[in-house]
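To start, the structure itself, in structure tokens.
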Amino acid sequence: CHFYEDDKKRLCFINLRNVGGVPINEGSPSAFHVVKNISDIETWDGNLPVLFDVQTERDNDTPLIEIIKALGNKEIKSVFVNYGILSHPAILLREAGVQVQQSYQLYEKQVIHTQKDGIEIGGETVIVADQIEQAEATEAYKEIDLKIEQELHDPHIISLNQMVEEDSSFVGGKAYNLGKIAKAGFSIPRGFVVTTRVFKKWVENTGKLDTDTSDQISKAFQLLELENVAVRSSSTVEDLSQASSAGVYKTSLNIRRDKIANAIIEGFKSFHEPNAQVYRSEKSIEGSADMAIIVQEMINARISGVLFTRNPLNPDTGESEFVINATFGLGEPLVSGRVSGDTFIIDKEKRLIKESTITQKNSMLTKDGEVSVPESIRSGSALNNSQIDQLVQIGKEIEELFGAPQDIEFAIAHDKIWILQSRPITKLGS
């Protein structure tokens, strides 16, 4: 079953299985046309609302970009999604000019409640997310001496904390933004960038990292005292104002030193994947494209999420609203669209939660794999009021730093907020 809000702000019931259910409100549709692949788009009759349900979990080969392109060819301008509204699939849909509307699934064991009363934030903490058991409460995130990091600045390997403006063309947008965020005083996981020069050499060497580069990567691991890391793309045409490349390239999580070379190569390979080439062609950014790779400490987050400093679903009030999408554990299931997470719409000037939608969260992804969330808090909020207040302040400051609305990914571990990424919001709702 699904609920959706129509143009008169009425809550409508939709029966997905066509078993004769009667809508709560007169005039609401009785079913969706579900799109899981391109063939489903071809069979759309032009009448039923479209539920875009393409699965996009990590390492899935589903051609998301091609399916979104097919929506445009069929002139489908609006779809419902079960994804979080700030997830990568939702971002790519909006970039293609498709309006995204949220649809919440109600399974037998899933509870979703929405609150529109308006709650002041920054005061008393009333939400239960902090009850998650801290299995690694003694885990320490090391502060590395900047003098050591200064050794990590050469044409091939650059520390995120040592980046300068002249490096921007060699490290890609995502890495350069992280360096700028770190210099502004925000906490980012320590790490380094494998530059576009290495990518070019890798292409010339027909897919092999040369020995000198491999040695430099090992040295960086040792100097930064890294153990498990996340390996992410940082293309020179990624995180642009007109093209986010959200989820287009390969991300590898929880990688140890002995597997790092292979993870970097997998990131390089993803640059040449058909979906990535189609995306760059559609955005007319192929000619200037190049690839760098970010290697960062793996934060074993208890809470992860995405913050938009504009509301992409409400053009009328979007400039005055922040939207936060959050879940327990690591953020990969949230950004890939496997879970919808909790959603908070916040008046950024009044510091007021205007609306919150809380979903049941039965499991969460950790660096040790997927684990169950304690039953007592599954239907509780992923974020407490204090954390929301901190995120609003961080969002304001990062938006001011870059001078444009931002899409910010974050992780929370042991009451500390880590910034994992910030990029321009590519397209707001219309």
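As a basis for the values below, the full set of heavy atoms in this structure was taken, side chains included, without hydrogen atoms, waters or symmetry mates.
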Sidechain-backbone polar pair: [X] side chain, [Y] backbone, donor-acceptor under 3.5 Å:
{"X": "S234", "Y": "V171", "result": "yes"}
{"X": "Q296", "Y": "P189", "result": "yes"}
{"X": "N325", "Y": "S340", "result": "yes"}
{"X": "T309", "Y": "Q406", "result": "yes"}
{"X": "N254", "Y": "K367", "result": "yes"}
{"X": "S233", "Y": "G267", "result": "no"}
{"X": "D167", "Y": "V164", "result": "yes"}
{"X": "S159", "Y": "N161", "result": "yes"}
{"X": "Q387", "Y": "N384", "result": "yes"}
{"X": "K361", "Y": "G380", "result": "yes"}

Separation between [atom1] of [X] and [atom2] of [Y], rounded to the nearest 0.5 Å:
{"X": "I188", "Y": "K180", "atom1": "CD1", "atom2": "NZ", "result": "14.0 Å"}
{"X": "N73", "Y": "I41", "atom1": "CG", "atom2": "CD1", "result": "8.5 Å"}
{"X": "L330", "Y": "M364", "atom1": "CG", "atom2": "CE", "result": "8.5 Å"}
{"X": "T357", "Y": "F344", "atom1": "OG1", "atom2": "CZ", "result": "9.0 Å"}
{"X": "S187", "Y": "I419", "atom1": "OG", "atom2": "CD1", "result": "8.0 Å"}
{"X": "I303", "Y": "L334", "atom1": "CD1", "atom2": "CG", "result": "12.5 Å"}

Do [X] and [Y] have side chains that approach each other closer than 4.5 Å (heavy atoms only, starting at C-beta)?
{"X": "D40", "Y": "V34", "answer": "no"}
{"X": "R351", "Y": "D389", "answer": "yes"}
{"X": "K348", "Y": "E319", "answer": "no"}
{"X": "F52", "Y": "L64", "answer": "yes"}
{"X": "F308", "Y": "I91", "answer": "yes"}
{"X": "L178", "Y": "R232", "answer": "yes"}
{"X": "I285", "Y": "E238", "answer": "no"}
{"X": "V193", "Y": "Y176", "answer": "no"}

Between E282 and E95, is a side-chain contact (heavy atoms from CB on, under 4.5 Å) present by the stated rule, with each step listed? CA-CA 11 Å; E282 289 288 308; E95 278 188 14; over 6 Å; no
Surrounding [atom1] of [X] (heavy atoms of other residues, nucleotides or ligands, distance under 6.0 Å), is the total greater than 12?
{"X": "Q393", "atom1": "CD", "answer": "yes"}
{"X": "K259", "atom1": "NZ", "answer": "no"}
{"X": "E397", "atom1": "CD", "answer": "yes"}
{"X": "K208", "atom1": "NZ", "answer": "no"}

Do T251 and E332 have a side chain donor and acceptor closer than 3.5 Å?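 Judged by distance alone, the side chains do not pair up.
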Are D368 and T366 close enough that a side-chain donor and a side-chain acceptor fall under 3.5 Å?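 Distance-only check fails for D368 and T366.
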Which is it for V35 and V79 under the side-chain contact (heavy atoms from CB on, under 4.5 Å) test, yes or no, and what are the steps along the way? CA-CA 10 Å; V35 169; V79 299; over 6 Å; no
Quick one: closest heavy-atom pair of T195 and P155, and the distance?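 Nearest heavy atoms, T195 then P155: OG1-O, 2.6 Å.
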Is the ring pair F271/F199 parallel, tilted or perpendicular, if the boundaries are 30 and 60 degrees?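 If you compare the ring of F271 with that of F199, the planes turn out perpendicular.
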Parallel, tilted or perpendicular for F221 and F192, by the 30°/60° rule?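 Plane angle over 60°, so perpendicular.
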Please determine which of T343, V306, L307 meets the side chain to side chain contact (heavy atoms under 4.5 Å, CB included) test together with V323.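 The option that passes is T343.
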Dump the intermediate steps for side-chain contact (heavy atoms from CB on, under 4.5 Å) on K269 and K250, then the final yes or no. CA-CA 8 Å; K269 284 181 179 178; K250 174 77 173 179; over 6 Å; no
For S78, side chain to side chain donor-acceptor pair (under 3.5 Å) partners two or more places apart: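 S78 satisfies side chain to side chain donor-acceptor pair (under 3.5 Å) with Q101 only.
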Pair V248, I65 - check side-chain contact (heavy atoms from CB on, under 4.5 Å), show working. CA-CA 8 Å; V248 172; I65 307 301; 4.2 Å; yes
If the threshold is 4.0 Å, N to carboxylate O, is there a salt bridge linking E399 and R310?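 Salt bridge flag = yes for R310 with E399.
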